[in-house]
Amino acid sequence: MPILFDEERCVWALQGSVSTYGLGVDVEGCLRHLYHGASLPRIEDLPAIDPPSPPQTFESLGGPEVRYEYPAWGGMFYGEPCLKATFSDGVRDAQLVYEGHRVSDGAAPELAVDLRDTHYPLRVSLHYRLFEEQDIVERYAVLKNEGEDPIMLEDVLTAAWYVPQGCGYLTHLAGRFAGETQVYREGISPGKKVLESRRGVTSHHANPWFALDRGNATEDTGEVWFGALAWSGNWKIAVDHDAHGHVQVSGGINDFDFSWRLDGGGEFTTPTFVGGHTREGFGGASRNLHRYVLDHLLPSKGPLPVLYNSWEATYFDINEEEQGKMAEKAASLGVELFVVDDGWFGERHDDRRGLGDWRVNRETFSNGLKPFIEKVRSLGMDFGLWVEPEMVNPDSDLYREHPDWIYRFPTRPNTESRNQLVLNLAKVEVRNHLFGVLSGLLSEHDISFIKWDMNRPFSEPGWPQAPRDRQREVWVRHVWGVYELLERLHKRHPRVAFETCSGGGGRVDLGMFRFADQAWVSDNTDPYDRLFIQEGFSIAYPARTMMCWVADPGKWVRGREAPITYRFHSSMMGSLGIGVNLTEWSEKEMGEAREMVEKYKEVRDVIQEGDQYRLLSPRAGDTTAVQYVSRDRSRSLLFVLRSSHRFADPVPTIYLRGLKPDCIYRTTAEVGKVSGAALMRRGTKVSLDGELSSTMVEITEE
Ligand code: DGJ
């Protein structure tokens with residue numbers, strides 16, 4: 001059992017393959033963090049718990065240095081709490097002490113430590129699930145009111161993580177619409193850095209992932225502590241750094257505008273927050289997270305189909321005949337899934353009307369969707385559809401029938417964004433309505449894929465029909481509503497796969513990846529801009545989940561022309577899709593695309609399920625190189641893309657990773673055979689000529 005317990009000291013050690021996570025109970029009964037780092041196989045080697053310091057000086061402990069596993073606001077605690085509660089008599093001070101623990105052995109061994117308040121009937125169970133092979137600990141907390149009077153929760157984060165003193169370099173992902181998941185790294189000074197969303201959705205502006213290091217970690221080397229939150233609404237990761245160099249990272253549901261009434265007998269379960277440690281740099285951190293997502297989180301396994309999506313080809317201007325022609329062309333390229341995007345339903349001919357009316361538009365598909373789906377199926381492809389269930393246009397039958405189904409404050413105007421308002425998924429009747437229409441659509445049609453979009457953040461999040469002390473629960477209830485719908489749909493229609501989308505990559509997180517196999521990464525489909533977005537995405541999420549379309553040049557985000565091979569290579573680094581207007585492609589382009597699709601299918605298992613190595617970052621120069629290695633290390637692929645270069649500048653030598661040093665490989669970049677050791681130590685050369693040039697090298701064990 002990889003979870004060890006030392007009864008005498010009351011400490012636990014969670015033993016991963018090369019890391020240890022240690023925690024224990026102090027003399028006052030408080031649960032304290034002891035260690036997170038390289039393996040300590042003997043539980044006796046865990047550091048001793050610092051004794052509580054006497055609280056009589058201005059230097060009293062009470063921040064990140066005390067390292068409570070689940071700090072509650074109470075007593076002399078001044079750091080970022082995981083819990084802040086008001087009890088029914090008005091006391092706002094929580095004191096959690098150890099009560100007992102359980103260890104269970106499931107798919108992932110789990111330790112649950114029960115804490116309870118010293119006076120009030122509040123129990124907090126902290127769960128730690130260990131994913132040994134990936135050295136990842138998944139944490140969540142369950143709060144239970146074991147009394148009768150309600151307890152008001154004002155802050156319920158999932159977990160606090162700690163790094164050794166002096167690990168003050170923070171790497172995180174931030175961005176914007178059409179420029180999501182950009183990588184930032186900084187040395188943090190004393191104070192608090194908060195990464196968060198207050199938009200009701202994960203957001204384009206920050207992604208719930210972090211890494212900390214000592215300032216010496218590289219892509220391949222150095223100790224890195226990292227974590228990612230499984231929450232698709234308002235989230236928060238607070239990095240609290242004191243002047244002694246102690247760092248605490250706390251995260252979970254954002255406490256901004258949050259409160260929750262925990263009635264007697266009620267439970268509140270936080271989302272999960274996974275954390276890990278590696279000595280193999282940022283690349284090692286990514287590979288551990290990728291394997292965790294691929295092996296333990298995603299709803300399905302195996303290669304994802306090559307898809308076609310009509311959005312950039314036709315926007316709202318959908319007509320059956322043209323879609324049919326594109327379907328024929330797509331099938332001739334080897335596409336396996338044909339997806340009709342926005343514009344197939346209600347009166348949806350632009351973004352001003354129809355959202356919420358999930359019935360097939362008879363002007364667009366005169367005999368309904370069935371004949372069109374049959375055509376797609378007869379061409380040998382599966383069929384997929386776009387929906388945006390959480391939204392409504394005021395100009396829709398749904399809104400006219402149920403104007404009270406949206407979030408709103410009665411005395412304020414409802415701000416429209418993209419001419420739409422957000423439906424209140426806290427209401428059971430709204431969720432049931434949505435389940436009914438979506439499930440009906442899936443029952444009546446042969447649909448295998450749903451792209452679930454969400455095109456505007458929240459505003460005026462009022463729920464006037466609810467009791468006053470429940471109204472702020474909407475932030476959480478909405479996300480639970482989305483998860484509930486996805487879960488019910490999965491159960492009823494297990495064959496249907498989902499893609500998460502929110503105006504591009506506004507809802508990409510581990511919470512959604514429990515239901516969606518893939519994410520639409522960005523509305524920016526420019527193949528060069530994408531390298532930056534994809535690099536950041538790949539820091540936290542595996543290539544299988546990263547949906548990348550080959551797009552036409554000159555689409556609305558930017559007008560850069562790029563060769564078709566470059567566009568394909570940029571998109572083949574994730575799950576491949578095609579988003580061009582195929583009726584406008586020449587025979588030559590179709591021929592090139594056919595070959596690329598065929599090649600992608602041959603190698604996609606390595607890309608989607610293998611280990612990824614970021615060899616040359618687009619942030620560091622004009623050449624980007626990304627390598628994928630099959631898990632048995634017998635096959636590998638190398639993508640090299642060059643954006644621009646000065647006359648006679650050579651392509652840098654590329655040092656491969658992850659191969660077996662003693663094995664002999666053939667590579668399409670070199671004549672003859674070469675050992676893994678040579679490819680990794682003396683490197684390999686590729687020749688690339690001209691701006692926006694690219695190549696894909698195959699490396700196969702003899
Ligand atoms: C935003 C998505 O990111 C696009 O791909 C497309 O589906 C549009 N919404 C449709 O309205």
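Both counts, for ligands and for their atoms, begin at 1 and track the order of listing.
- Legend: residues meeting salt bridge (charged side-chain N to carboxylate O under 4.0 Å, His left out) with Lys325, ordered by chain and number and at least two apart, are Glu321.
- Side-chain atoms of Trp475 and Ile253, non-hydrogen and from C-beta on, never get closer than 4.5 Å to each other.
- Taking the charged nitrogens against the carboxylate oxygens, Asp257 and Arg198 have no contact shorter than 4.0 Å, which rules out a salt bridge.
- The main-chain N or O of Pro542 is found under 3.5 Å from a side-chain atom of Thr545 such that the two form a donor-acceptor pair.
- When heavy-atom distances to ligand 1 are checked against 4.0 Å, the residues falling inside are Trp311, Asp341, Asp342, Trp386, Arg418, Lys451, Asp453, Asn455, Cys501, Gly503, Gly504, Trp520, Asp523, Trp549, ordered by chain and number.
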Taking distance alone, no hydrogens or angles, what donor-acceptor pairs closer than 3.5 Å link side-chain atoms of residues 497-505 to residues at least two apart or in another chain?
{"residue": "Glu499", "atom": "OE1", "partner": "Gln518", "partner atom": "NE2", "Å": "2.7"}
{"residue": "Thr500", "atom": "OG1", "partner": "Arg507", "partner atom": "O", "Å": "2.7"}
{"residue": "Ser502", "atom": "OG", "partner": "Met454", "partner atom": "O", "Å": "2.6"}

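- Applying the ring-ring contact (aromatic ring centres under 6.0 Å, His included) rule to pairs touching residues 501-527 yields Tyr483-Phe515, Phe513-Tyr541, Trp520-Trp549, sequence neighbours excluded.
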